[in-house]
Amino acid sequence: MTAKKEPALDDVLLRPLVEAALTEDLGRRGDVTSQATIPADIQAKLEIKARQAGVICGMDLARLSFALVDPQIEFVAQVADGEWVDAGTVLATVRGNARHLLTAERTALNFMTHLSGIATDTRKIVDSVAEYAAQITCTRKTIPGLRIVQKYAVRCGGGRNHRLGLDDAILIKDNHIAIAGDIKTAIRQAQNFAGHLIPIEVEVDTLAQLEQALDAGVSLVLLDNMSPEMLAQAVAMCKGRARTEASGGITPETVQAAAKTGVDFIAMGYLTHSTTALDIGLDFSA
């Protein structure tokens, strides 16, 4: 599997996440276990190791976890985000005050295991539909406060991002349509609001709704909870008129069936709410 080289996120974006995580972990008294068991001046070297094969993500978050506890800790990365590694690979070495290394350990590993799990499962899903045109995208079904890094992990795994937030694009969903009165009214009002820089996507769950959306001139439709057979019909209706995105409970087991229909995109909340953490540990070296 080839590495997906994704531009790193700036530290200014990551620092608040790490500070919040460390503040939660340190509580009111700090790391009392390390204070109680390790002399204050002991130095140590530890290795961050992958205990499973997978795509690595979260190296900068790990680096910041150690740096914010103790700026004197030396963090040397051996791999980069987006790289596929085998079990047993040393991802980074950290050297410095032993108490401080152990204080930062869990925060660093929590970020890395979670995000590497997202990147790994994304890569597997992307590879599973590589023969088709469909692009795999994530959704807004993210852990509050972690969206920016979860979506970064999807990109590291070779996936694409759907909206980062409500301000990115207009996505007219079933409740918008119900409250607006009908699909054409909702689309017309969105078109009047959007101007030329805000894209509009419309969610439909029947072929009748799809025809109405196409007649209204939308260029991107979200085909929600459709069977593969209905998806194929919808794709045929949209050919030359609009791009298509399949959505609604798609899993690694059903993603190929969706891709075979010819949709342009497949949105998967699974990528950020149901993937499994990658096993990564911190081992004493010297």
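Worth knowing before you read on, the calculation uses all heavy atoms, side chains too, and leaves out hydrogens, waters and symmetry mates. Start at 1 with the first residue, then count along the sequence.
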For residues [X] and [Y], report the shortest heavy-atom separation together with the two atoms involved.
X	Y	value
W84	K124	CH2-CE, 4.2 Å
H162	C138	CB-O, 2.9 Å
L210	C238	CD1-SG, 3.6 Å
A258	I266	CB-CD1, 4.0 Å
P252	M268	N-CE, 4.1 Å
I183	A213	CD1-CB, 4.1 Å

Exercise. Could you give me the CA-CA distance, side-chain angles and deciding distance for D60 and R15, then say whether salt bridge (Lys or Arg N to Asp or Glu O under 4.0 Å) is met?
Key: CA-CA 10 Å; D60 285 332; R15 185 180 296 265; over 6 Å; no
Look at the side chain of [X] and the backbone N and O of [Y], then say whether any donor-acceptor pair between them is shorter than 3.5 Å.
X	Y	result
T244	D264	yes
Q150	T272	yes
D10	V12	no
E83	A80	yes
R123	G158	no
N161	K151	yes
E245	D224	no

Quiz item: Are any of the side-chain nitrogens in R106 or D31 under 4.0 Å away from the carboxylate oxygens of its partner?
Solution: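 Salt bridge flag = no for D31 with R106.
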Quiz item: Are any of the side-chain nitrogens in R63 or D11 under 4.0 Å away from the carboxylate oxygens of its partner?
Solution: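 Salt bridge present between R63 and D11.
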Single-linkage hydrophobic cluster [X]~[Y], side-chain heavy atoms < 4.5 angstrom:
X	Y	result
M237	V202	yes
V76	L64	no
F265	I250	no

Exercise. For Q256 and S128, test the side chains for any donor-to-acceptor distance below 3.5 angstrom and give the result as yes or no.
Key: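 No - no donor-acceptor pair under 3.5 Å links their side chains.
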Quiz item: Distance only, no hydrogens: is a donor on one side chain within 3.5 Å (strictly under) of an acceptor on the other, for T185 and D182?
Solution: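 Present: a donor and an acceptor within the cut-off.
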Quiz prompt | Steps toward side chain to side chain contact (heavy atoms under 4.5 Å, CB included) verdict (I48, M112) | solution = CA-CA 10 Å; I48 302 176; M112 289 199 68; 4.2 Å; yes
In Å and rounded to the nearest 0.5 Å, what is the [atom1] to [atom2] distance from [X] to [Y]?
X	Y	atom1	atom2	value
L109	E105	CG	CD	5.5 Å
Q52	T120	CD	OG1	8.0 Å
E203	K173	CD	NZ	5.0 Å

Practice problem: Evaluate the criterion side chain to side chain contact (heavy atoms under 4.5 Å, CB included) for residue pair R155 and L9; output intermediate values, then yes/no. | Solution: CA-CA 12 Å; R155 298 197 302 274; L9 296 175; 3.8 Å; yes
Quiz item: Are there more than 12 heavy atoms of other residues, nucleotides or ligands under 6.0 Å from atom CZ of R99?
Solution: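 Counting neighbours around CZ of R99, more than 12 heavy atoms of other residues, nucleotides or ligands fall under 6.0 Å, so yes.
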Self-check item: Working for salt bridge (Lys or Arg N to Asp or Glu O under 4.0 Å), residues E211 and R241
Solution: CA-CA 11 Å; E211 189 59 51; R241 302 174 71 185; 3.5 Å; yes
